[in-house]
Peer 1: 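Mind looking over this structure? Questions follow.
A note on names: the letters A, B, ... follow the listed sequences, proteins ahead of strands, and every chain is numbered from 1.
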Amino acid sequence: MKINLKINGEKKVFDVSADEYLADTLRKNGYLSVRKGCDTGSCGACTVHFDGKAILSCVMLSLRADGHEITTIEGVTKKAEKIGKYLVDEGVDQCGYCSPGTIMSILYLEKCIENPTDEEILHFMNGNLCRCTGYVGQLRAIKKYLEGKK
Amino acid sequence: MISIKEYVAPKTLDEALKVLESSKKATIIGGGAFLKLGSINISKAIDLSKLNLDFIKEYDNKIEIGAMATFGDIERSKVLKKYFNNALGLSVKDIVGVQLRNMVTVGATVYSRYGFSDILTCLLSLDTKVSLKKQGEISLEKFLIEGSNKKDILEKIIISKDGRKASFKSMRNSKGDYAILNLSVSKKDDTYLIAVGARPNRATLAYETIKYLKGKHIDETVIKKACEIIEDEITFGSNIRANKEYRKGLSKVLLKRALTEVVNYEN
């Protein structure tokens, strides 16, 4: 079945099967920043923006995305690089597997909460698991990034 | 492993019902987020996302939440923040992560009558009805006990705006995990409604405790007695998260906290 998507501002048409998931469709078509970790909607590595909202592409059927707008990290490279530097500076970018999903969630946090508290940041990032570094350094990096924007 | 042979996204509720009734193995897809946790072969998947059921509407005496409204919508809703001391928003805020909450739908959770659900417990402690396409409106209390007696589609849930104060409490092993137990208390005039969920069975009202508390002034003695009643009347079970004895003990703690909070809201 054909689906029409707007990915990172570009119109795309993909042929998908009824039980295909968005993470697979995106990866098959070159959006390799979209990672598959748990593949059950628990780890956040596959986070993309769906009509501006962060979702887990590994548990969204591709057909449901028909007619919608998707943003992956390939569409926000400048912002992603900037956040990435803060993560590296705080030593929270080790294997890097979770980083694209984490950065997409940080961008969503930025959009949803103005001047978030530490508690709000930790709560917001709860859906992104990192098995290398833990979350204290991540919190420092996010705070510095948000502070640096002011 | 999940396999889907055919996928349809109807444009109207009537069309969706027709498709559902056309095949024994037709299945409605809600948020779809839990599909991968099991193994299922679906001959015909019905996607309700094109039906504009993702609304939260406020009327003079009620709030309507469409079946496809997500937990994220509930959490962020300015309307829901105004009522029941934001108990509904607070009941969904610790469910996994923000991304999953942007996908999981109210309709799928209610229709599936999930035992682990947090929001069902909260809704049960409010005056809530479910609106089904064929069966019409029935109370959530009845729906949770009896389920749907025919192939039907949940269109929306309806909550009375009756000035109730409410408090939702839950206990988890870690943030984002399923609740070990959840409990919700609401108060209108001299009557309390108390719902207990994740027992781990589906949410139920604590009828004896409700009866005992009716008209009572809440003090330490009354809370102590109510805690004794609730631990005796509710059937608790064991699973990977906790055993029934732990849940039993926990029910008293959550009840005490929720009752105290509701009384404080009133004062």
Peer 1: Against chain B, label A:S105 side chain, backbone, both or neither, depending on which of its atoms sit under 4.5 Å from a heavy atom there.
Peer 2: side chain
Peer 1: Of A:L63, A:V59, A:I55, which meets side-chain contact (heavy atoms from CB on, under 4.5 Å) against A:L22?
Peer 2: A:I55
Peer 1: Under a 4.5 Å heavy-atom cutoff, which of A:L61, A:L109, A:L122 has the most pairs with chain B?
Peer 2: A:L61
Peer 1: Between A:D39, A:D66, A:V48, A:N128, which shows the greatest number of heavy-atom pairs under 4.5 Å with chain B?
Peer 2: A:D39
Peer 1: Please confirm whether the backbone N or O of B:Y246 pairs with a side-chain atom of B:N243, one donor and one acceptor, at under 3.5 Å?
Peer 2: yes
Peer 1: Based on non-hydrogen pairs under 4.5 Å, which of A:K53, A:M60, A:R64 is most in contact with chain B?
Peer 2: A:R64
Peer 1: Is it the side chain or the backbone of B:L48 that comes within 4.5 Å of chain A heavy atoms, both, or neither?
Peer 2: backbone
Peer 1: Between B:R101, B:K93, B:E6, B:K5, who has the most heavy-atom pairs with chain A when the cutoff is under 4.5 Å?
Peer 2: B:K93
Peer 1: Side chain, backbone, both or neither: which part of A:T40 has a non-hydrogen atom closer than 4.5 Å to chain B?
Peer 2: both
Peer 1: Please flag which part of B:I42 lies under 4.5 Å from any non-hydrogen atom of chain A: side chain, backbone, both or neither.
Peer 2: neither
Peer 1: Where on A:H49 is there a heavy atom nearer than 4.5 Å to chain B: the side chain, the backbone, both, or neither?
Peer 2: neither
Peer 1: Charged N to carboxylate O below 4.0 Å: is that the case for B:K165 and B:E261?
Peer 2: no
Peer 1: Is there side-chain contact between B:L132 and B:I153, with heavy atoms separated by less than 4.5 Å?
Peer 2: no
Peer 1: In terms of heavy-atom pairs under 4.5 Å with chain B, which of A:F50, A:Y21, A:Y108 leads?
Peer 2: A:Y21
Peer 1: May I ask you to say whether A:R140 pairs ionically with A:E90, meaning some side-chain N is under 4.0 Å from a carboxylate O?
Peer 2: yes
Peer 1: Once rounded to the nearest 0.5 Å, what's the spacing between atom CZ of B:F143 and atom OG of B:S148?
Peer 2: 6.0 Å
Peer 1: Side chains of B:I95 and B:D118, heavy atoms from C-beta outward: is any pair under 4.5 Å?
Peer 2: yes
